[in-house]
There are 2 protein chains.
Amino acid sequence: MNKIHNFYVTMTSLSLLELRHLRTLAALDETGSVSRAAKRVHLTQSALSHQIKVLQNHYGLPIVRRQGQSIELTEAGKHLVALARRVLEEIQATERNLAKMSEHASGSLRIVLECHTCFDWLMPLMDAFRQNWPEVELDLVSGFHSDPIQLLEEGGADVVIGSEQVERRGIVHHPLFRFEILAVLAPEHSLRAKKILHAHDFAGETLITYPVPEERIDLIRTVLKAAGVQPERRTAELTVAILQLVASRRGVAALPSWGLKNYVEHDYVIARRIGSQGLWSDLYASTLAETATRPYLRDFLATARNTCFATLEGIIPLEPVEQQAPERQQGGETVMEKKRGRSIKRMNG
Amino acid sequence: MNKIHNFYVTMTSLSLLELRHLRTLAALDETGSVSRAAKRVHLTQSALSHQIKVLQNHYGLPIVRRQGQSIELTEAGKHLVALARRVLEEIQATERNLAKMSEHASGSLRIVLECHTCFDWLMPLMDAFRQNWPEVELDLVSGFHSDPIQLLEEGGADVVIGSEQVERRGIVHHPLFRFEILAVLAPEHSLRAKKILHAHDFAGETLITYPVPEERIDLIRTVLKAAGVQPERRTAELTVAILQLVASRRGVAALPSWGLKNYVEHDYVIARRIGSQGLWSDLYASTLAETATRPYLRDFLATARNTCFATLEGIIPLEPVEQQAPERQQGGETVMEKKRGRSIKRMNG
DNA sequence: ACATATCCATGAATAAAATTCATAATTTCT
DNA sequence: AGAAATTATGAATTTTATTCATGGATATGT
């Protein structure tokens, strides 16, 4: 029936464009480089290069232009990026709606912050979240907690934002990003000539930190302890207060690179790399496995990543690393095995 | 460097949604059936079934509900369809912009209509086109032409909309859709009792047609000629005029199903299938190979298909059939080989 | 200036996934 | 009840995206 004729006819392939491309375009725009964008979307640089090529062939237009060490979007590229922005936003919005339909969109999201500086990006994020999930009780759990993960288990909190990543049954760690911790000095400080500071440079200095135990301070834990350097400490609650103390030469500090830009540009303080590789820290959001399935939590994480990558400079995405699958039956946590998309894979042996 | 830790961490797969899914959703909504939607997007029913399943699993929500012989979109499905509509429209708009950037968006689009009834859907389409491509000279080539394809070759027209599909060098045929031609009778006509009309039923009747030669009238060419039936003919220029003549019992007609619905519902006329399989006709837009590459032509075809499928009832998509690849060098027409997307393939041997 | 990172492009190999095929299950219509 | 039409599903297959392995090109630093 319906016999099919036996010869070709053109069928102009209407749009080979896929959301994947739009996500790539957005990342390209945000990072200004193919390889950085690749990290951002968890693919290789090669994959993105191929994607770009396909698009350029399809539209018969250049989309990016190689500009020395990085790239620049062409006119056409900008059009596509604008499209990507709008479309991806619309998608997020309706996915939020679907999530709200799928279960009760209520619950609590009580956040423990191990990293004080994270206030900077968390505040606006929380404001946005409140709008999208009015039914969710959103809170910051204040005060110091020696074992914040335990708080999760006890039900006293729902998310811990910190850099530890202890393997602990029933707990999942959602990678956020990696950032560099820089040493902050007064512009006239005697160490100003050095491009890179090493452990011994801190000997005899006063270290200004947030009021948390030493083990929570990366500089001390991973750099100074090992070198046997033990500077004096002085604490302040707020980032601005720390910076003010540094500027007025009461001591030096070590802070995430992203919050420093403005102050450095105005010569309020200067920032220096710590160690030749730099001192880096990874940030995770940890939750109970159960909590991880909640749609509002997933939305929270998604927008956290989005806004951080869009807002914070100099941070890099973390590879989602795979947990040594808990061999035999470990309970009902098939959650992650099921829910995760295709793109979790080892990227180096 | 950057040693990678050795265990898993959840990475909530952010949206496995792709445009493919949105295109499917839109088709599902328009056709109300998985198999019809499949034809619409040139995939198998199975493929769509799988797609739907994936989406439902992903969102944890039913998207379609089986409703007897066809399907119904759920609340969630409707959300997604609404998204699809907006997104696909935005994409078409920016692709139009890109097309305009890639070459001069000017030229001419002079249309020859072999099928008179096509006026019905062509008019609004032309209006829309004029808005999007103000630089393109849009015209209907009037009058009768015995060999319209020749008009293309002579440069007197740019597109022929008709049902012939003669293989001719340098000419490409873009499939539009397949539609059924129904016999139209006055409600009191003596043949009203028959569900299906056959060739001999037309003997002794007056056939009311557009004023075109017999070879252009499918009913005569493919049904009556073969049976040696030769009814009287009477012609009218406009579809409404034909219908009026039929209603006033001056004769019978054969018209595309889509334009009849309103008249049939109001009992102005009645419509009957012709032959047990029905009488079907395929519609193609034919152009020079060269014209086929113009972005405005491709846009015209795309929106033609879109609006037709959205507007006209009872039409079905045509499989893009592959031309018996012109073995050895047949000139420069690599155009279609290059430009067409992946999805041209034989779907039944 | 020369070695050394970085960065992007590209072809081939590989891995992933979407689609088809074959068939079962379900519903409707006669 | 049987036939026809429609959707669902598991397995096979094809198609496609992605990685891998390089090469060339552009800075970067000593």
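Values below: every heavy atom of this structure, side chains too, minus hydrogens, waters and symmetry copies. In what follows, chains carry the letters A, B, and so on, assigned in the order in which the sequence lines appear, proteins first and then strands, with residues in each chain numbered from 1. The structure presented is a predicted model; accordingly, all values stated were derived computationally and were not measured.
- Other residues, nucleotides and ligands place more than 12 heavy atoms under 6.0 Å from the CD atom of A:E265.
- Listed pair B:T44 / C:dT20 meets the phosphate criterion, a side-chain N or O lying under 4.0 Å from OP1 or OP2.
- Considering only the side chain of B:S46, C:dA22 comes nearest among C:dG11, C:dA22, D:dA11.
- Residue B:R66 places no side-chain N or O under 4.0 Å from the OP1 or OP2 atom of D:dA8.
- Comparing B:H50 and A:H21 by the nucleotide of DNA chain D whose heavy atom lies nearest to each, the residue mapping closer to the 5' end is B:H50.
- Judged by distance alone, the side chain of A:Q56 and the main-chain N or O of A:V64 form a donor-acceptor pair under 3.5 Å.
- Regarding contacts with the backbone of D:dT6, every side-chain N or O of B:Q45 stays at 4.0 angstrom or more from both OP1 and OP2.
- In summary, B:R85 and B:D29 engage in a salt bridge, as defined by a charged side-chain N under 4.0 Å from a carboxylate O.
- With salt bridges taken as basic N to acidic carboxylate O contacts below 4.0 Å, none links A:R65 and A:E75.
- Of all the residues in residues 29-36 of chain A, A:S33, A:V34, A:S35 reach under 4.0 Å from DNA chain C with at least one non-hydrogen atom.
- In this entry the distance linking NZ of A:K195 with C1' of D:dT28 reads 12 Å, nearest Å.
- Of the possible polar contacts, none joining the B:T31 side chain to the B:R36 backbone as a donor-acceptor pair under 3.5 Å is found.
- Considering only the side chain of B:L43, C:dT19 comes nearest among C:dT19, D:dT7, D:dA17.
- Checked by atom type and distance alone, the side chain of A:R192 pairs as donor or acceptor with a backbone atom of A:H189 at under 3.5 Å.
- At least one donor-acceptor pair closer than 3.5 Å links the side chain of B:R272 to the backbone N or O of B:K194.
- Atoms NZ (A:K53) and C1' (D:dT18) sit 14 Å apart, rounded to a whole Å.
- As a whole-Å value, the separation of B:Q67 CD from C:dT27 C1' is 12 Å.
- Side-chain contact between B:H21 and B:L80 is absent, with no heavy atoms from C-beta onward closer than 4.5 Å.
- Of the candidate nucleotides D:dT7, C:dC8, D:dT19, D:dT19 has the atom nearest to the side chain of A:A47.
- Put simply, CD1 on A:I63 is 16 Å from C1' on C:dC8, counting in whole angstrom units.
- Here D:dG29 presents its C1' atom at 14 Å from CZ of A:R273, a figure rounded to the nearest Å.
- If you measure from atom CG of A:L19 to atom P of C:dA18, you get 13 Å, rounded to the nearest angstrom.
- The CD1-P distance, from A:I71 to D:dT26, rounds to 16 Å in whole Å.
- When atom types are taken as modelled, the side chain of B:E90 and the backbone of A:L83 share no donor-acceptor pair closer than 3.5 angstrom.
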What are the atom names and distances for every N/O pair under 3.5 Å that joins the protein to nucleotides 3-5 of chain C?
none

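- Atom CZ in B:R23 sits roughly 11 Å away from atom P in C:dT19 (whole-Å rounding).
- Side chain of B:R40 to main chain of B:A27: no donor-acceptor pair is present (N/O by atom type, distance under 3.5 Å, no hydrogens or angles).
- At least one side-chain nitrogen or oxygen of A:Q69 sits closer than 4.0 Å to the OP1 or OP2 atom of D:dT28.
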